[in-house]
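One structure is given here, and the rest of the page talks about it.
Sequential numbering from 1 along the given sequence is applied to the chain's residues. Remember, it's a predicted structure, so these values are computed and weren't measured experimentally.
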Amino acid sequence: MNSKISSPTLLEALSSDFLACKICLEQLHTPKTLPCLHTYCQDCLAQLDIGGQVRCPECREIVPIPPEGVAAFKTNFFVNGLLDLVKARAPGDIHSGKPTCALCPLVGGKSSGGPATARCLDCADDLCQACADGHRCSRQTHKHRVVDLVGYRAGWYDEEARERQASQCPQHPGEALCFLCQPCSQLLCKDCRLGPHIDHPCLPLAEAVRSRKPGLEELLAGVDSNLVELEATRVAEKEALALLREQAASVGTQVEEAAERILKSLLAQKQEVLGQLRALVEAAEEATRERLTKIEGQEQVAKAAAAFARRVLSLGLEAEILSLEGAITQRLRQLQDSPWTLGPTRCVLPHLELHPGLEDKNCHLLRLSFEEPKQSQKDNGKGGAGAQGGAQGGAEAEGQGEDRSKITKQGGAQPLTPKEGKVQSPQEDDEVVVERGNRPNKKKKCKGRGKSVSREPSPILRPNLEGSGPLPRPVFSWSFPTRMPGDKRSPRITGLCPYGPQEILVADEQNRVLKRFSLNGDYKGTVPVPEGCSPCSVAALQNAVAFSANARLYLVSPEGEVQWRRSLSLTQSSHAVAAMPCGDRVAVSVAGHVEVYKKEGNLATRFIPGGKASRGQRALVFLTTSPQGNFVGSDWQQNSVVFCDGLGQVIWEYKGPGLHGCQPGSVSVDKKGYIFLTLREVNKVVILDPKGSLLGDFLTAYHGLEKPRVTTMVDGKYLVVSLSNGTIHVFRVRFPDS
């Protein structure tokens, strides 16, 4: 066998941290193996002793400590052997860094040995050339294997060295373990064999391994089979979840389209009924005008004749009265005999007749039904992963059967929220089926503010009939967690921004990292930040990333190289950062005003929204820019949303009741200028038009929002929302005409 070819595979086959303790992160010392097969230093395990128990740091299994202490745990001789192999590769002489001969001081009486050039695999000693030449010239060492030291340190003889290694007895130093006591399952040396175990049946190690190895291999094969089933189950679970998400997205689109069709039909009927109503009123008004004209003419004629007759009777002489008596009598008799009215007025009053279903609270035009996905014949016969994926819907239906049965009996719909299309965290509410419109009006205290938060419903998003354009609607796209295997703490997302095509940059302040994700949740790595920095807000420029941290503004390259940093005001705990549409400037909110820096680090402009008169009266906690280069900020001092141009001139400011008594949160602007405002306390994202008018709720708890934190807009059409538990939801902003 060519050792130079096969030997390097021994240590290369092990992971780089296999010989490192997961507690102290140093090389294992006196390795002890727990029943869960995880190995740690003996001293490290002693530090984890809590009431006679120890919890494995990796699998979290609780293991009782033997009465003799952690030293009674099994010693990992396998790791010990590998450690001996690794230690043998270390330099022999501490001062020179070069290996020296281990036999020269013993044979020649020298204080130190000569330069080592060879290695005895049996003695585990480094030898100089002279000692190596005579090492095999004695009866005790003539079978020893002496190899070149350079090749040994290169790993060419690792497997051969392992074969010649002898495990040392902990009770009798220098004695190799060569027997297995069958009743005690304990490794013995020759001295142990002649001691307390002299009457016990023992086997040589090679024979014991041959007898027990098949049983271990059989158990290992069973575990491998279980791993295959677990892998299939995991894949099936992911496929079931992906199918659910895909179906939920499809149904969501169908709901949007069906609602639009119903709405268009309803609006058409509305226009038709209103047209009939207008025609009826106009015809009645025209007929009434004609009748009034005739009545007013008759009234004027009668009044004139009566007035003339009264003047003649009151002011005329006898002769004058008698001379006109005949004419007056004839005229008055004519007026008296003529009809005074045109007959009874015909009046038709309109009444609205609604379809009975519109007045029935239990009648819904849109309704969901739930069914288990069809399983293939292979899955049905196997009864494994596919069946579990299909049973997921059944378990969910059984767990919510009571609530669903109540709604189904009433004929109600079962709204689908994004919570049904994503992995629920343990903190999320288990209630999925909620009837819209049945939530009572409540008031809730904002944490840390002592103010009353209104729970009254916001204005409903309705069709824009004034001609200012159609309103956007949310379409759920994806949901994914941001916690990665290397995170030591739960994520706390304080900043989001678009980063390249179909990608976002996430500022995780808790783990002090900038993470990159695709819109569908694929992890793309990180943008390195200086050591000790906790990124707060983040914005992407052309081939650079700007972020605020510790009262400083940083600009770094995608590789993490710091290009420049600027100190910010210490009077503000966090500083919002936003990239300008041109991509070569970054804006940051500082103590109520806005500073704009060029990519080179120079201050381009600085302004206070509203001018100097507003100095000290604003606190912009969140900041973003519109495609036109204007600024939108959440002002916690004025409790408003302020919209200003690049010179700081306030175009409009919203302080309306739609804020529900909450401080305005994160703001984002889409490609058409609509503004999306986060209200964390009431789990909502409301929408304002480009002129600052509140249009209503865009996202609510029905869309899976639970304590939304920050948002960003990607490509002007995807709204990315982060939650306090580190989950991210992605919604497509869909316009009816798109």
Side-chain angles (χ1 to χ4, degrees), residues 238 240-256 259 366 368 370 392-393 396-397 399-400 403-404 407 413-439 444 455 457-458 461 472-483 490-493 496 504 506 517 519-521 660 662 665-666 668 676-687 696-714 717-734:
K238 288 187 175 181
L241 181 59
L243 177 62
L244 177 60
R245 288 175 175 172
E246 180 181 358
Q247 184 67 14
S250 175
V251 171
T253 303
Q254 296 175 14
V255 169
E256 292 287 341
L366 301 176
L368 288 181
F370 297 90
Q392 182 181 9
E396 180 185 358
Q400 299 173 352
D403 293 338
R404 290 186 176 179
I407 298 176
Q414 301 170 0
L416 178 65
T417 71
K419 286 186 178 182
E420 292 181 315
K422 67 181 183 68
V423 179
Q424 278 187 290
S425 65
Q427 293 81 10
E428 290 182 337
D429 192 356
D430 291 334
E431 184 178 0
V432 178
V433 181
V434 181
E435 277 203 89
R436 190 183 298 272
N438 288 346
R439 299 182 64 183
K444 174 183 176 184
R455 282 287 190 178
S458 298
L461 282 174
R473 297 179 180 275
V475 178
F476 176 74
S477 298
W478 299 283
S479 177
F480 56 89
T482 58
R483 182 160 190 172
S490 297
R492 183 171 66 197
I493 301 175
L496 288 173
I504 58 174
V506 178
F517 291 92
L519 278 185
N520 59 4
H660 300 276
C662 304
S666 179
S668 298
F676 301 86
L677 172 65
T678 303
L679 302 178
R680 182 173 181 268
E681 291 90 341
V682 293
N683 299 325
K684 286 185 178 182
V685 174
V686 298
I687 182 172
D697 296 343
F698 184 73
L699 298 174
T700 66
Y702 298 108
H703 298 89
L705 260 65
E706 184 175 352
K707 296 181 180 179
R709 199 173 188 96
V710 291
T711 65
T712 190
M713 188 66 63
V714 179
K717 57 184 178 180
Y718 290 100
L719 182 65
V720 182
V721 185
S722 70
L723 307 184
S724 295
N725 62 3
T727 303
I728 284 183
H729 292 333
V730 181
F731 296 90
R732 172 105 182 238
V733 180
R734 186 174 183 272

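- Residues Arg709 and Leu723 are not in side-chain contact: their nearest non-hydrogen atoms beyond the backbone lie 4.5 Å or more apart.
- Interatomic distance, Glu681 CD to His660 NE2, rounded to the nearest 0.5 Å: 11.0 Å.
- The CZ atom of Phe731 sits 15.0 Å away from atom CZ of Arg473, with the distance rounded to the nearest 0.5 Å.
- Proximity of Cys662 to Val682: side-chain heavy atoms (C-beta onward) are separated by under 4.5 Å at one or more points.
- Listed here is the closest heavy atom pair of Leu519 and Trp478: O-CE3, 3.4 Å.
- Between Ser479 and Val730, every side-chain heavy-atom pair lies at or beyond the 4.5 Å cut-off.
- Here the side chains of Ile687 and Val685 are not in contact, with every heavy-atom distance at 4.5 Å or above.
- Between the side chain of Thr482 and the main chain of Gly726, a donor-acceptor pair closer than 3.5 Å is present.
- Using a 3.5 Å distance cut-off with no hydrogens or angles, the side chains of Arg680 and Ser724 do pair a donor with an acceptor.
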Practice task
Using the side-chain contact (heavy atoms from CB on, under 4.5 Å) rule, take Thr700 and Asn683 through it: C-alpha gap first, then chi angles, then the decisive distance, then the call.
Solution key: CA-CA 6 Å; Thr700 66; Asn683 299 325; over 6 Å; no
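- Closest of all the heavy-atom pairs between Leu705 and Leu699 is CD2-CB, 3.9 Å.
- Within the model, atoms CD1 of Ile493 and CD1 of Ile504 stand 7.5 Å from one another, a figure rounded to the nearest 0.5 Å.
- Side-chain N or O atoms of Ser666 include one that pairs as donor or acceptor with a backbone N or O of Thr711 at under 3.5 Å.
- Going from atom NZ of Lys684 over to atom CG of Asp697 covers 4.0 Å, rounded to the nearest 0.5 Å.
- Of all heavy-atom pairs spanning Phe698 and Pro472, the tightest one is CE1-O, 3.8 Å.
- To the nearest 0.5 Å, the span separating CG on Leu719 from OG1 on Thr678 amounts to 7.5 Å.
- Phe480 contributes atom CZ, which lies 10.5 Å from atom NE2 of His729 (distance to the nearest 0.5 angstrom).
- Here the rule is side-chain contact (heavy atoms from CB on, under 4.5 Å) with Phe676, and of Val733, Val721, Val686, Thr712 only Val733 fits it.
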Practice task
Carefully, step by step, assess Ser490 and Arg483 under the rule side chain to side chain donor-acceptor pair (under 3.5 Å).
Solution key: CA-CA 7 Å; Ser490 297; Arg483 182 160 190 172; 3.2 Å; yes
